[in-house]
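One structure is given here, and the rest of the page talks about it.
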Amino acid sequence: MAEPTTSVGATRKCRVNVINPNTTASMTEVIVGAARRAAGPGVEIVGRTSAFGAASIEGHYDEALSAVGVLKAVAEGEAQGCDAHVLACFGDPGLLAAREIATGPVIGIAEAAFRAASFVSTHFSVVTTLTRTKVIAEHLALVYGAERACRRVRAVDVAVLELDDPASNTRGLLVAECRRALEEDHVGALVLGCAGMADLAEDLSREFGAPVIDGVGAAVKFAEALVSLGLKTSKYGDLAHPLPKARTPF
Ligand code: 5HY
């Protein structure tokens with residue numbers, strides 16, 4: 001597995017473990033780029049590609065597999081003294097389990113994007129990759145209590161690993177779907193439903209003059225804020241460290 005990449009800068013305020021739950025290192029670079037653009041002074045971004053799971057996460061099976069890789073990456077980040085963890089996949093795979101083993105905050109990019117959208121709009125729509133993964137975002141909106149604010153989940157039907165292939169016309173398809181969402185869903189903001197779209201948010205926001213939200217950047221800012229408030233994952237109740245027992249090591 002590639003050595004975690006680290007940004008060195010001003011006196012370090014916090015170290016954020018930014019995990020790509022799929023196993024594609026080139027996608028981790030896009031994610032880490034977005035995380036570093038969002039990170040404030042003194043915030044160290046440690047990028048990590050999951051060592052276990054699928055090359056891209058596009059369904060429930062991929063999600064389940066990737067959760068083990070996420071737990072391994074969180075454990076490595078804890079051992080490396082990371083103050084917070086970001087799960088950079090729009091399904092927030094393994095989020096609650098990760099919070100059990102983490103001391104610092106663990107932020108999923110879907111939850112971060114939903115929360116950010118709810119601060120800047122009354123209603124928002126999500127634009128994700130494949131039609132088959134729409135249900136995952138719909139489920140998360142319910143789990144996070146965002147189902148009333150989230151008007152609709154749409155898809156551009158570009159596979160995760162084809163997003164950065166010029167032949168996929170990702171930007172063109174996203175512009176068309178975002179425009180339809182703004183016209184038909186009566187929403188004030190849009191959420192990009194894949195970490196691989198992170199570097200398109202600013203450009204699309206300019207295109208529409210409306211907030212187009214990337215969960216990677218939002219998650220890094222929320223992690224920074226929680227760490228600066230001294231807030232850690234509660235160890236009272238369901239997120240307490242797992243009970244000691246025999247487990248197959250990963
Ligand atoms: C993601 N899959 O953010 C999700 C997007 C999706 O490998 N990284 C992935 O389509 O659900």
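No experiment lies behind these values; they were computed from the predicted model shown. When a ligand or atom number is given, it counts from 1 through the structure's own listing order.
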[X], any N or O under 3.5 Å of ligand 1 N or O:
X	answer
F90	yes
A195	yes
N22	yes
G193	no

Judged by non-hydrogen atoms, does [X] sit under 4.0 Å from ligand 1?
X	answer
V160	yes
G196	no
G91	no

I'd like to know if the side chain of [X] pairs up with that of [Y] as donor and acceptor (distance under 3.5 Å, no hydrogens or angles considered).
X	Y	result
R48	N17	yes
T49	N20	no
T131	D157	yes

Do any side-chain atoms of residues 86-96 form donor-acceptor pairs under 3.5 angstrom with protein atoms, and if so which ones, sequence neighbours left out?
from: D92; atom 1: OD1; to: I109; atom 2: N; distance (Å): 3.1
from: D92; atom 1: OD1; to: A110; atom 2: N; distance (Å): 2.9
from: D92; atom 1: OD2; to: E111; atom 2: N; distance (Å): 3.0
from: D92; atom 1: OD2; to: Y144; atom 2: OH; distance (Å): 2.5

| field | Reported CD1-to-OG distance for the pair I213 and S121, which is rounded to 0.5 angstrom | value |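 Between I213 CD1 and S121 OG, I get 6.0 Å after rounding to 0.5 Å.
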| task | May I ask you to test the T170-L163 pair for a side-chain heavy-atom distance under 4.5 Å? | result |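 SC-SC contact between T170 and L163 confirmed.
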| query | Can any side-chain N or O of H85 pair as donor or acceptor with the backbone N or O of V16 at less than 3.5 Å? | reply |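 No.
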Give me the residue, atom name and distance of the protein heavy atom closest to [atom].
atom	answer
atom 8 (N) of ligand 1	M27 CE, 3.6 Å
atom 5 (C) of ligand 1	C194 SG, 3.4 Å
atom 10 (O) of ligand 1	T129 OG1, 2.4 Å
atom 7 (O) of ligand 1	I57 N, 2.9 Å

| Proximal atoms of ligand 1 relative to S56 (non-hydrogen, under 4.0 Å) |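 The list of qualifying atoms is 7 (O).
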| A112 to F222 - nearest heavy-atom pair and separation |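 Residues A112 and F222, closest heavy atoms: O-CE1, 3.2 Å.
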